[in-house]
Number of protein chains: 2
Amino acid sequence: MDYSRLSASERRTAPPAIAVSAVAFALGAPEGAELGDSGDTGPAGGGAGAGATDAGEAAEGTPWLPLVRRTREPFAGVWALPGGPIPWDETLAESAERTLRATVGASPGYLEQLYAFGDVERSGRGQRLVTIAYWALYGENDLVAPADPPVEPENIAWFSADRLPELAFDHADIVEYALWRLRMKTEYAAVAHRFLGGTFTLAQLRRVHEAILGTEVDPANFRRQALAQGHLVDTGDVETGTRHRPAKLYRFRER
Amino acid sequence: MDYSRLSASERRTAPPAIAVSAVAFALGAPEGAELGDSGDTGPAGGGAGAGATDAGEAAEGTPWLPLVRRTREPFAGVWALPGGPIPWDETLAESAERTLRATVGASPGYLEQLYAFGDVERSGRGQRLVTIAYWALYGENDLVAPADPPVEPENIAWFSADRLPELAFDHADIVEYALWRLRMKTEYAAVAHRFLGGTFTLAQLRRVHEAILGTEVDPANFRRQALAQGHLVDTGDVETGTRHRPAKLYRFRER
DNA sequence: GTAATAGTGTCTATAAGACAATATATT
DNA sequence: AATATATTGTCTTATAGACACTATTAC
């Protein structure tokens with residue numbers, strides 16, 4: 001797989017290499033995760049600029065995503081999307097999911113193919129590289145109690161989609177496309193609930209939409225529209241521990 | 001590229017092969033093209049069953065697409081989507097377009113990536129095959145006067161999307177997905193005009209929508225909606241040669 | 001009671017669909 | 001004039017958004 005040793009003519013006849021990359025969104029970084037701030041932050045960096053919010057359920061309000069710092073050329077030391085080559089016995093989706101388990105420590109609640117990127121010279125060398133990009137969503141419950149600890153956690157950090165560092169390859173384009181896709185209404189209407197746990201209030205679901213769209217949404221109209229879809233089921237339970245009228249809890253009806 | 005000679009263990013370590021396939025839609029078969037009828041038809045077969053309409057601007061009303069009969073195993077003799085491996089110096093889109101030129105004899109008016117298919121064992125053998133599927137539209141003007149004559153025309157035929165033969169690999173799934181995509185309203189609103197020439201009447205554009213959707217559309221309402229989009233420009237010219245009031249000719253405003 | 005958010009009602013503006021009516025060409 | 005389709009007008013219904021109002025809990 002080390003194509004850098006090949007001669008120019010060998011590179012020309014070698015078949016293109018294939019890899020998957022994954023843009024994994026969550027509404028906040030997981031507990032205890034390393035947080036990136038578009039520059040370089042220490043393991044628990046003090047209050048640097050104006051941007052960084054403190055840890056824990058970090059900075060809701062925008063989508064966050066995990067990145068991996070590359071250890072090899074090209075782009076050694078630069079942040080990149082989780083991903084890698086495709087083993088012979090995995091489907092594309094399986095390969096994306098395994099990569100995410102190794103990076104995040106858990107499987108996403110939703111996974112969907114995004115696009116195949118395959119321009120000539122994408123890698124900056126002669127060897128062709130075709131990247132099948134995937135799009136993943138992590139809900140609250142998907143991020144608790146990592147089954148497998150992340151591999152090399154020191155090279156993994158979560159970033160707000162608002163404040164991304166420089167990215168390797170054309171990964172900035174891929175993230176931009178993933179964000180656009182996330183905001184396409186017809187698409188996210190059926191997946192927004194995956195940012196949450198199994199049950200949720202309409203206010204929680206509304207805040208997911210607000211985070212995705214970056215705008216405020218009228219609670220009354222949102223309620224009507226969300227319920228009219230017929231995808232939400234009233235569980236009969238209500239929220240507890242609030243200092244006001246508790247809200248009904250709903251769950252999503254799969255089909 | 002002949003992976004069939006490899007041993008099982010060699011196949012397991014070989015990187016997946018990559019190919020492009022293209023689903024190319026037009027509103028009828030081009031002049032003089034071979035027409036398929038889900039079975040096997042001679043060069044200008046007589047009136048067989050109820051289905052086959054006669055040649056020329058064949059059977060409007062549904063989308064048509066070109067298929068290629070495979071000459072090698074696997075699936076020798078079976079119809080398949082145009083496509084093939086990706087040369088080292090082509091982007092994915094370039095590869096799809098070149099394949100279509102070789103099959104149809106002309107470049108499509110529109111080309112867009114559809115999806116990457118990459119299940120294990122897609123080819124029925126050990127070797128992995130990842131297919132990047134493309135989606136193309138040919139307009140009336142795109143099909144006249146083929147610049148390059150099709151390669152091996154005897155193995156190429158056009159089929160109505162209604163009456164497809166058995167297809168190789170998982171190409172039936174790919175066509176089904178392409179048809180679904182074609183019918184998604186938000187997508188086709190901006191591309192339907194590509195089935196037509198540079199100028200067209202609103203009735204022609206409406207018939208494209210009817211063909212895609214498979215339903216009738218109210219002329220009055222369609223007119224209002226189409227004009228309200230702001231994408232149509234009145235050329236000032238009108239249709240001629242009709243036996244009734246001539247319609248205004250419009251063209252599409254790019255951007 | 002007060003505060004705070006859950007949840008309902010209502011009004012308006014906009015868009016979609018059904019369908020009648022009018023306009024303008026050919027024959 | 002008869003015919004056929006283009007083009008316009010109008011009515012109804014569905015939907016989205018703004019926003020006032022009521023309900024229910026914690027404190």
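What you see below is based on every heavy atom in this structure, not just the backbone, and it leaves out hydrogens, waters and symmetry mates. As the structure is a prediction and not an experimental result, all values here were calculated from the model. Below, read A as the first sequence line, B as the second, and so on, with proteins coming before strands; counting in each chain starts at 1.
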Mark up nucleotides 18-27 of chain C, 5' to 3', with B wherever a protein heavy atom is under 4.0 angstrom from a base atom, S wherever such an atom reaches only the sugar-phosphate, and - elsewhere. BB---BBBS-
For A/D234, the option from A/R251, A/K248, A/R253 that meets salt bridge (Lys or Arg N to Asp or Glu O under 4.0 Å): A/K248
When the distance from CD of A/Q229 to C1' of D/dT15 is rounded to whole Å, what number comes out? 11 Å
Heavy-atom distance under 4.5 Å between the side chains of B/Y115 and A/Y115, does that happen here? no
Between P of C/dG7 and CG of A/L205, the distance in whole Å: 13 Å
Please name all residues satisfying side-chain contact (heavy atoms from CB on, under 4.5 Å) with B/A133, sequence neighbours left out, ordered by chain then number. B/L114, B/F117, B/I174
Would you mind reading off the distance between A/Q204 atom CD and C/dT5 atom P, rounded to a whole angstrom? 14 Å
Could you tell me how far apart A/R223 (CZ) and D/dG17 (C1') are, to the nearest whole angstrom? 16 Å
Send over the distance from A/E239 CD to D/dA26 P, rounded to a whole Å. 11 Å
So how far is it from A/L111 CG to A/W135 CH2, rounded to the nearest 0.5 Å? 10.0 Å
Is it the case that B/E239 and B/T201 place a side-chain donor and acceptor less than 3.5 Å from each other? no
Expressed in angstrom and rounded to an integer, what is the separation of A/Q225 atom CD from D/dA18 atom C1'? 15 Å
Nearest whole Å is fine: how far is D/dG17 C1' from A/L213 CG? 15 Å
Rounded to the nearest angstrom, tell me the gap between atom CZ in A/F222 and atom P in C/dT5. 17 Å
Have B/S160 and B/T62 got a donor and an acceptor in their side chains that come within less than 3.5 Å? yes
